[in-house]
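Below is one structure, written out as structure tokens; the observations come after it.
In each ligand, atom 1 is the first atom listed, and ligand 1 is the first ligand listed. Source: prediction; values computed, not measured.
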Amino acid sequence: MAHGFETLAIHAGQAPDDRTGAVIPPIYQTSTFAQDAVGSPRSGYEYARSGNPTRDALQECLAALEGGNRGLAFASGLAAEDTLIRTVCKPGDHVLIPDDAYGGTYRLFAKVAERWGLQWTAVHMSDVDAVRAAFRPQTTVIWVETPTNPLLGIADIGALAGVAHDHGALLVVDNTFASPYLQQPLGHGADVVVHSTTKYLGGHSDVVGGALVIRDETLGDALAYHQNAMGAVAGPFDAWLTLRGARTLGVRMDRHCDNAERIVEFLSRHSKVAKVHFPGLPDHPGHETAAKQMRRFGGMVSFRAADGPEAAVEICNRTKLFTLAESLGGVESLIEHPGKMTHASAAGSPLEVPADLVRLSVGIETVDDLVADLEQALR
Ligand SMILES: Cc1ncc(COP(=O)(O)O)c(C=O)c1O
């Protein structure tokens with residue numbers, strides 16, 4: 001029988017422990033496993049970089065939540081991205097990346113992978129014709145974030161999967177902002193889903209992690225091989241914390257969405273706000289696509305300060321409940337200035353973000369308190 005999302009979040013990969021009946025998968029804090037005879041590891045485990053039961057529990061759960069066949073957990077989102085890039089690309093290849101991507105993803109392509117011979121072009125991913133036009137004979141990957149960080153742009157996953165596959169390329173979707181509760185890219189034709197599990201999947205701002213989820217078995221085997229060969233795996237305690245967060249993803253996401261919608265309503269009517277970026281707004285250029293591929297519109301909101309860049313910085317400095325911090329997706333609300341914080345590494349590049357932009361990660365506190373905090377900060 002097929003189970004619903006919330007049931008999978010609580011049970012996939014999490015059967016009670018065989019030996020003790022522990023209801024929660026234990027933290028197997030060990031680097032190695034006794035072998036019954038030379039060449040006979042017990043239950044398949046031999047060395048904890050290659051495999052650990054706590055990480056396996058998380059990986060199985062992540063695969064189920066994304067509708068994939070294989071999940072792989074890493075030490076961070078960027079570790080997952082690096083492993084993916086070095087598995088599916090080789091020197092001389094060319095990739096298409098979003099012109100509005102997480103600054104660290106941009107830095108990984110522009111400052112690290114490029115030195116190893118990987119070419120890249122930044123493209124506006126909501127423009128399918130522009131993506132098609134940017135293809136070169138060496139293009140092997142389209143890399144998409146949707147919604148994007150920090151401008152909340154939307155890319156049509158199904159349409160881009162078609163373009164990628166017409167050219168024999170892979171479509172990679174960074175699903176960090178939506179989380180698998182709101183959007184499942186593999187079901188729309190994507191080949192690989194990327195997560196910074198640091199964000200909504202972990203959900204409590206207490207662990208850094210990353211993940212890849214795949215349907216294709218051959219690609220899954222290649223990525224699992226590189227996960228072990230390159231070694232940037234999630235440790236057992238990090239995997240355990242991430243899995244604890246994932247169990248409540250559905251209920252948390254619904255509250256994140258409720259609160260974000262109320263805040264968008266408030267900001268949209270405020271004279272100190274020039275523009276609100278949120279895919280749930282009917283006038284957002286990607287609204288229809290978002291409504292087609294997402295269950296709801298998420299907990300991330302960004303807006304432009306009507307009085308310019310200095311006012312944007314001031315607003316970030318003035319909130320009390322919204323904590324001034326990088327990252328997102330935790331139960332607590334965060335505020336930041338992308339141009340000076342998360343996206344500083346994109347300054348002077350095609351991915352530079354507007355200086356009057358403020359980004360909110362709307363948490364699950366009492367929404368009236370959040371609105372009151374923004375009201376006093378904007379005053
Ligand atoms: C959309 C997105 N992808 C990837 C990453 C990188 O993940 P990590 O910080 O876990 O390495 C981030 C981090 O903020 C992100 O926002």
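Considering Val194, Val123, Leu170, Val192 as possible partners of Trp143, the one that fulfils the side chain to side chain contact (heavy atoms under 4.5 Å, CB included) test is Val194.
Residue Asp174 approaches ligand 1 through these ligand atoms, each under 4.0 Å from one of its heavy atoms: 1 (C), 2 (C), 3 (N), 4 (C). Atom numbering of ligand 1 starts at 1 in the shown order; those under 4.0 Å from a heavy atom of Thr198 are 10 (O). Within the listing of ligand 1, atoms 10 (O) sit less than 4.0 angstrom from a heavy atom of Gly209.
Looking from atom 15 (C) of ligand 1 to the surrounding protein, the closest heavy atom is Tyr102 CG, 3.6 Å. The protein heavy atom nearest to atom 8 (P) of ligand 1 is Gly77 N, 3.4 Å.
For Asp216 and Arg70, the salt-bridge test fails: no basic side-chain N is under 4.0 Å from an acidic carboxylate O.
Considering backbone and side-chain atoms alike, Asn149 places an N or O below 3.5 Å from some N or O of ligand 1. Below 3.5 Å of separation, one finds an N or O of Leu78 facing an N or O of ligand 1.
Ligand 1 is approached by Lys199 to a heavy-atom distance shorter than 4.0 Å. Remark: distances from the non-hydrogen atoms of His195 to ligand 1 are all 4.0 Å or more.
If you look at Glu81 next to ligand 1, the close heavy atoms, those under 4.0 Å, all belong to the side chain.
In this structure, His343 has its ring center no closer than 6.0 Å to that of Tyr106.
Counting non-hydrogen atoms of neighbouring residues, nucleotides and ligands closer than 6.0 angstrom, the CZ atom of Arg215 exceeds 12 such neighbours. Annotation: Asp36, atom CG; neighbour count of heavy atoms from other residues, nucleotides and ligands within 6.0 Å is above 12.
Both tests hold for Arg295 against Tyr181: distance to the six-membered ring centre under 6.0 Å, angle to the ring axis within 45°.
Taking the six-membered ring where tryptophan is involved, the planes of Trp240 and Phe237 are essentially parallel, since the angle between them stays under 30° and well short of 60°.
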